[in-house]
Amino acid sequence: MNKKFNPQDFEKKWQAKWAEDNVYHTTESKKPKTFVLDMFPYPSGEGLHVGHPKGYIATDIYSRFKRMTGHEVLHPMGWDAFGLPAENFAIKHKVHPRVAVEKNVARFKEQLQVLGFDYDWEREINTTDPEYYKWTQWIFVQLFKKGLAYESHEPINWCPGCQTGLANEDLESDGTCERCGSLVEKRPMRQWVLKIRSYADRMLEDLDSLKWPEHIKEAQRNWIGRSEGAEIDFKLSTKDRVTVFTTRPDTLFGVTYLVLAPEHPLIQKNKSQVSNWDEVMQYIELSTNKKEQDRLDDTKEKTGVKLEGITATNPANNEEIPVYIADYVLASYGTGAIMAVPAHDERDYAFAEKFNIPIKQVVRKVFGETLPNAIPRVAAGAIVYNPKTEKYLVSFSHEFNKHSPWFGGLEDGEDFSETAVRETLEESGYKTKFIRYIGDEVESHFYHPGKDLNRSLISRMCLLEIIDQEPITVSEEEKKKQEPVWLTKEELVSKFTEERDSYDVSMLFDPRPFTGMGNVCNSDEFDDLSSKEAKVAITEKVGGRMTATYKIRDWVFSRQRYWGEPIPIIHCEKCGPVAVPEDQLPVVLPEVEHYEPTGTGESPLANITDWVNTTCPECGEGAKRETNTMPQWAGSSWYYLRFMDNHNNQALVSKEKEQYWAPVDVYVGGDHAVRHLIYARFWHKFLYDLGVVSTIEPFQRLEFLGFILAEDGRKMSKRWGNIINPDDIVKLVGADTLRVYEMFMGPFENTIAWSQDGLVGARRFLERVNGLSEHFIDNENELSERQLHKTIKKVCDDIEEFKFNTAISAMMVYVNTVEKEGLTQTAYETFLKLLAPFAPHLTEELWYGLGYTKSIHLESYPKYEQTLVVDNEVTIGVQVNGRVRGNITISTSASEDEAIALAKTVTSIKSHITGNIKKVIYKPAKILNIVI
RNA sequence: GCUGGAGUGGUGGAAUUGGUAUACACGUACGACUCAAAAUCGUAUGGCGCAAGCCUUGAGGGUUCAAGUCCCUCCUCCAGCACCA
């Protein structure tokens, strides 16, 4: 009779006992340490759904595993509770944000505790606790003292919905606010800004040393957006100089105009020189008033205005070129001005086409490697279009079985178009006229088999149009060489794509500039240099500077809202902004009557005069407090450090504890990881420079968490009414089942839909574990002992790699086996310990049921015997001519001859060995392949 | 468009890194127990075929004794970035 499996009977009991015995309490010790960290939650009013605990279950298993393998484990939990959502929630429900946060935290904590997590609650932190944000403010003061926090009056993003300034990162890609969806405007305001850009290079470089998923690293690189290039100065006719940033200084000779962003200061400065000022003014107003969305809508259609009366000089060749303003150039990136090279940039090309600006090729695409003793040649290629039949005439060579354009070398004084028309007439007999070029000149290097020589060819393709429908007679010699063939557009594309690698036929229908690297041409003394060489050489010649620029903006750090850390600054008329002295921290967030946003660009704190008015710490005169608060990301940018030493009121973290615990060994999270990780890494590196932390990176290893979708495949949300509450699942099947199921669903990083049916599998597994003691036998047989040790190895390896699904599957296989074969009590105890991190309640219940009086979670994790995980006899597949025909069970040390002999005894194999054995591939313990 | 990642049964997914493809679980079918149902247990379960056998890891080529795994071309999906010079 199966023992009843009623998790409700014992889960609560053991949770209480663990808390009472302080089982999961952590202190620094002689043991090796492991710091396992979850991205701490934002305690929203909605509570948890089953997707939220997934990461916490994983870290719980990992930390229990580490504890049982002799590590001192730090696995803490806390609350990220400042910020807009909490405040908006509070305003909506007409409660004080603090009250709302307290309530939400209590709810979250209760929901977490039901799942039996091993958090050390003595280390709980809350970012809204003055004892905590004292140190957030302290970090800000240090940033300020080092000149890394400064005031700026640049126009910034303003969200009319949230009534606050936002960082660039707070916007969705369509220019709306990520919190409320309002369209974000630009507003000039006083802001605190952090110089995150100063750390961009270090954040980029140190990425390589981290064990993080590639896509997260890539997202970080993207975000920082470093690009290498040069700054080059252009002289204007007004004697001013415009500095442009370009990644392609090798194309400088191809610059045919300059573009300034509409906000560029030189435009206003040279107002008097601009003869079409009204038009210019109108354009500037139009583009600055354009909502971000409109600006994105017309990404294809370029707009702009020429600055009449002003020209610039190309420093490479002293050519005079026009200057435009256009909003495809962003004021906030690079220098807010560009040199336009329409021949080699898609955007400049589109703009130049629209405004009829010359397009000058200065780089040739190169096919093949330069060959020794190559004979140079210049030639034109032609494809002939017949508008009547809508077909294209090309030549077909029987000798090479290939289609090709009409082709011939340039003769004296000819250009490509003339050659194309002449050669086409000679070779095909058709009279044609030149329509346009198809792409630029290209350079090809190849071996010419017909002439037995190496060729270095410069060529350009032409589109011709037929004049007479009927061809004239062609010489017999030409007829032998090639045959004219008419192809439809589709045929042309498919034949050329298949047969020719050096003609990009799609250029015929979709003309676009060549934007790749190649060899430079039309550039005086730099001709024939590679793009790479020319970049440096040309930059040097014109006195430019090789440099790098970044996409990442400095971090707009102030919010005009109530619910955040007050920025610890005092504004004094005489001394300017002064940091609040460290002994006066924290600057406590004062109580206010109205914490709704004022909408005036000032925080609600500005209304509390007796808080705002203070004295200057430097000169003692009357001064005013800064009333802006910090963004939500502030508190989460360093919280992991506080867990190491959360009661310290002398320092953010003590040196000893930091040195023991840092860095975070495994960090687990998903969602807006990229933002948080950028900010946290920035602060960490700053704290490293201050000597507060001893590691250059905060998070050694990052495991990305895949979400759980609702059963309908959509995101779980109130809106769809498809939320599954973990409390309900625990009531239904118990916490252990929920834990095992979520880990068994699939690979940890995958996003997978919840399945109520699938839950049953986990439940059945635990029921079978619960009934295992019925299968006790007295003497262990060797086979099941081996299986146990293989299972131990698999589970250990898999937990270490966060492959919980396969770890559980291995344990299921083991249970399936011993239900048939039986197991000894020793094996049973080993298995319980193996399962303990996954199902802490059930294993504890069964452990105590065996008569033990100390928690299973304080036991040592099972270790496997090396000799028992390697089989000395295995079943391997036997192939004949690479196809599996049967299998043999054979000693791993058996010789090839023994293996073949054994294989021949198997009928299904023998029947396929019909001839002489030509070759045998035998890999012991892997495969036997007989080739006949 | 660019970058990164991935395509395996009806479903979630395994596969010692080039060596018996489809482990484990769900679902389904049949059987046992039951007056009955649920639960539980047992058997079967990639496709075609009575069978021997043949086919099968998004599609098509290639390398190899051997390819889900490596190489080339293409298609699809997910994620991030997106006028970033």
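What you see is a predicted model, and the numbers here were worked out from it, not measured in a lab. Naming convention: chains lettered A, B, ... in sequence-line order (proteins, then strands); numbering from 1 in each chain.
With no hydrogens or angles considered, a side-chain donor-acceptor pair links A:Asp250 and A:Ser531 at under 3.5 Å. Using a 3.5 Å distance cut-off with no hydrogens or angles, the side chains of A:Thr243 and A:Thr335 do not pair a donor with an acceptor. Donor-acceptor pairing under 3.5 Å is recorded for the side chains of A:Tyr550 and A:Arg226. One side chain, A:Thr806 or A:Asp798, offers a donor N or O that lies under 3.5 Å from an acceptor on the other.
Here the side chain of A:Lys794 is nearest to one of B:rA25, B:rA15, B:rG80, namely B:rA15.
For the C1' atoms, the distance from B:rU57 to B:rU69 is 10 Å, rounded to whole Å. Annotation: B:rG10 and B:rG4 have their C1' atoms spaced 32 Å apart (nearest Å). A distance of about 49 Å separates the C1' atoms of B:rA82 and B:rC48, rounded to the whole Å. Comparing B:rC77 with B:rC83, their C1' atoms sit 27 Å apart, to the nearest whole Å. A gap of 7 Å separates the C1' atoms of B:rC24 and B:rA14, to the nearest Å.
For A:Arg885 and B:rC54, the shortest distance from a side-chain N or O to OP1 or OP2 is below 4.0 Å. OP1 and OP2 of B:rG80 both lie 4.0 Å or more from every side-chain N or O belonging to A:Arg675. Proximity of A:Asn881 to the phosphate of B:rA66: no side-chain N or O atom is located under 4.0 Å from OP1 or OP2. Using a 4.0 Å cut-off, no side-chain N or O of A:Arg763 falls inside it from OP1 or OP2 of B:rA39. An OP1 or OP2 oxygen of B:rG13 is reached within less than 4.0 angstrom by a side-chain nitrogen or oxygen of A:Asn750. Residue A:Lys923 has no polar side-chain atom (N or O) positioned under 4.0 Å from OP1 or OP2 of B:rG19. The phosphate of B:rA85 has neither OP1 nor OP2 within less than 4.0 Å of any side-chain N or O from A:Arg248. The side chain of A:Asn816 places an N or O atom within less than 4.0 Å of a non-bridging phosphate oxygen (OP1 or OP2) of B:rA25. OP1 or OP2 of B:rG13 has not a single side-chain nitrogen or oxygen of A:Ser809 nearer than 4.0 Å.
Taking atom NE2 of residue A:His215 and atom P of nucleotide B:rC81, one finds them 12 Å apart after rounding to whole Å. Rounded to whole Å, the distance from CD on A:Gln756 to P on B:rA25 is 19 Å. When the C1' atom of B:rA82 is taken as reference, atom CG of A:Asp345 falls 14 Å away, rounded to whole Å. Between the CD1 atom of A:Ile888 and the P atom of B:rG19 there is a distance of 18 Å, rounded to whole Å. A:Lys926 has its NZ atom 9 Å from the P atom of B:rU20, to the nearest Å.
Mapping A:Asn887 and A:Met339 onto RNA chain B by nearest heavy atom places A:Asn887 at the nucleotide closer to the 5' end. The residue among A:Ser755 and A:Tyr333 whose nearest nucleotide of RNA chain B is located toward the 5' end is A:Ser755.
Donor-acceptor pairing under 3.5 Å, judged by distance alone, is absent between the side chain of A:Lys551 and the base of B:rC81.
The aromatic ring centroids of A:Phe355 and A:Tyr324 lie less than 6.0 Å from each other.
Although no hydrogens or angles enter the test, the distance criterion places no donor-acceptor pair under 3.5 Å between the side chain of A:Gln879 and the main chain of A:Ile927.
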